[in-house]
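What follows is a single structure, written as structure tokens, with notes after it.
Here, residue 1 is the first one in the sequence, and each next residue gets the next number.
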Amino acid sequence: TVVNKAGLIETVGSGEPRVDYKDDSKGALLLEPSRTNLVTYSEDFSNAAWVKYGVGVGITPIVTPNYAISPDGSQNASRLQCDLNGGNTTSDRSWLYQTTTTMSGDNTFSLYVKNNSNEEITFTLSNGSSETVVVLSDDKWHRLSTVRSGGGQPRIGLIGGVGASDNADLSIYGAQLEQGSYATSYIPNF
């Protein structure tokens, strides 16, 4: 995929030059290593491959498919609502995860996220070790990523006791787990 002149993600056919406009208004040839997205149903978070997990006093998250316009310009972004229900220990969790093959070496989990509330949200983005991230209430899509050596279980949501917000209302799109120390352009995997 590339970011086109309109700022939207689009798929380019095999053998066609990948001209990307993300960081250059004139367009630049996108050259990057070949990678594989190990997340299945990378745009369908309502699929059973994505486990909805509430533990402790945390509530099982709610996923609403086709809730918002995604970075590709289609109405295919999901809404993710998580709630710790006042829980403040690491045993309290409200998150979405997918079990994948354990990897050796560096792996990167990335996800497009947009805040649906008017307050900043602190939540966990993880691929085997927790990383707390903040999403501003700026009504923009942000591609967040985390890198870890080994592991490889992509998780999105709230964990009590780690500075997380008590609840989160997010639009999410384009989950990607790949072997390597940085995120490449989005690779859909249905």
For Tyr182 and Asp106, what are the C-alpha separation, side-chain angles and deciding distance, and is it a side chain to side chain contact (heavy atoms under 4.5 Å, CB included)?
-> CA-CA 9 Å; Tyr182 60 91; Asp106 288 340; over 6 Å; no
Donor-acceptor contact below 3.5 Å, side chain Asp166 vs main chain Asp83 | no
Between Asp139 and Asn115, is any side-chain donor less than 3.5 angstrom from a side-chain acceptor?
-> no
Ser78 side chain to Ile172 backbone, donor-acceptor under 3.5 Å = no
Please answer whether the main-chain N or O of Asp44 pairs with a side-chain N or O of Asn47 as donor and acceptor at a distance below 3.5 Å.
-> no
Hey, could you give me each pair passing side chain to side chain donor-acceptor pair (under 3.5 Å) that has a residue in residues 7-18? Not counting sequence neighbours.
-> Asn4-Glu10, Arg18-Glu32, Arg18-Ser185
For the residue pair Leu111 and Leu144, establish whether any side-chain heavy-atom pair is separated by less than 4.5 Å.
-> no
State whether the number of non-hydrogen atoms from other residues, nucleotides or ligands found under 6.0 Å of Tyr53 atom OH is greater than 12.
-> no
Quick one: does Asn37's side chain have a donor or acceptor within less than 3.5 Å of a partner on Ala175's backbone?
-> yes
Does the side chain of Thr124 come under 3.5 Å of the side chain of Glu131 through a donor N or O and an acceptor N or O?
-> no
Give a yes or no on whether Trp95 and Val55 share a hydrophobic cluster (residues Ile, Leu, Val, Met, Phe, Trp, Tyr; joining criterion: side-chain heavy atoms under 4.5 Å apart).
-> yes
Pairwise side-chain contact, Val147 with Phe109, heavy-atom cut-off 4.5 Å (strictly under) = no
Determine whether Leu125 and Leu158 fall in the same hydrophobic cluster, where Ile, Leu, Val, Met, Phe, Trp and Tyr are linked whenever their side-chain heavy atoms lie under 4.5 Å apart.
-> yes
Given Val19 and Leu30, is the side chain to side chain contact (heavy atoms under 4.5 Å, CB included) satisfied, shown in steps?
-> CA-CA 6 Å; Val19 179; Leu30 181 60; over 6 Å; no
State, without any angle test, whether Thr64 and Arg79 hold a side-chain donor-acceptor pair at a distance under 3.5 Å.
-> no
Determine the interplanar angle of the Phe45 and Trp50 rings, folded into 0 to 90°, and report it as parallel if under 30°, tilted if 30 to 60°, perpendicular if over 60°.
-> tilted
Aromatic contact, Tyr173 with Tyr186 (centres under 6.0 Å) = yes
Do Val57 and Leu96 share a hydrophobic cluster, counting only Ile, Leu, Val, Met, Phe, Trp and Tyr and linking them when any side-chain heavy atoms are less than 4.5 Å apart?
-> no
Keeping the roles fixed (side chain from Asp92, backbone from Gly58), state whether a donor-acceptor pair exists under 3.5 Å.
-> no
Set of residues satisfying side chain to side chain donor-acceptor pair (under 3.5 Å) with respect to Thr90, sequence neighbours excluded = none
Residues that, via side-chain heavy atoms closer than 4.5 angstrom, fall in one hydrophobic cluster with Leu29 = Leu31
Would you please name every residue forming a salt bridge (Lys or Arg N to Asp or Glu O under 4.0 Å) with Arg148, sequence neighbours left out?
-> none
Gln176 side chain vs Asn189 backbone, donor-acceptor pair below 3.5 Å = no
Under 3.5 Å, is there a donor-acceptor pair linking the side chains of Asn116 and Asp169?
-> yes
Between Ile121 and Leu170, does a side chain to side chain contact (heavy atoms under 4.5 Å, CB included) hold up when you go through it step by step?
-> CA-CA 9 Å; Ile121 296 174; Leu170 305 167; 3.8 Å; yes
Side chain to side chain donor-acceptor pair (under 3.5 Å) partners for Asn76, two or more places apart = Glu43, Ser70, Asp72
Kindly determine whether Thr1 and Ile187 satisfy side chain to side chain contact (heavy atoms under 4.5 Å, CB included), including the steps that lead there.
-> CA-CA 7 Å; Thr1 60; Ile187 306 162; over 6 Å; no
Are Ile59 and Ile159 in one and the same hydrophobic cluster, where Ile, Leu, Val, Met, Phe, Trp and Tyr link if side-chain heavy atoms are under 4.5 Å apart?
-> no
Salt bridge (Lys or Arg N to Asp or Glu O under 4.0 Å) filter on Arg35, not counting sequence neighbours, yields Glu178
Same cluster for Trp141 and Val63 if Ile/Leu/Val/Met/Phe/Trp/Tyr side chains link at under 4.5 Å?
-> no
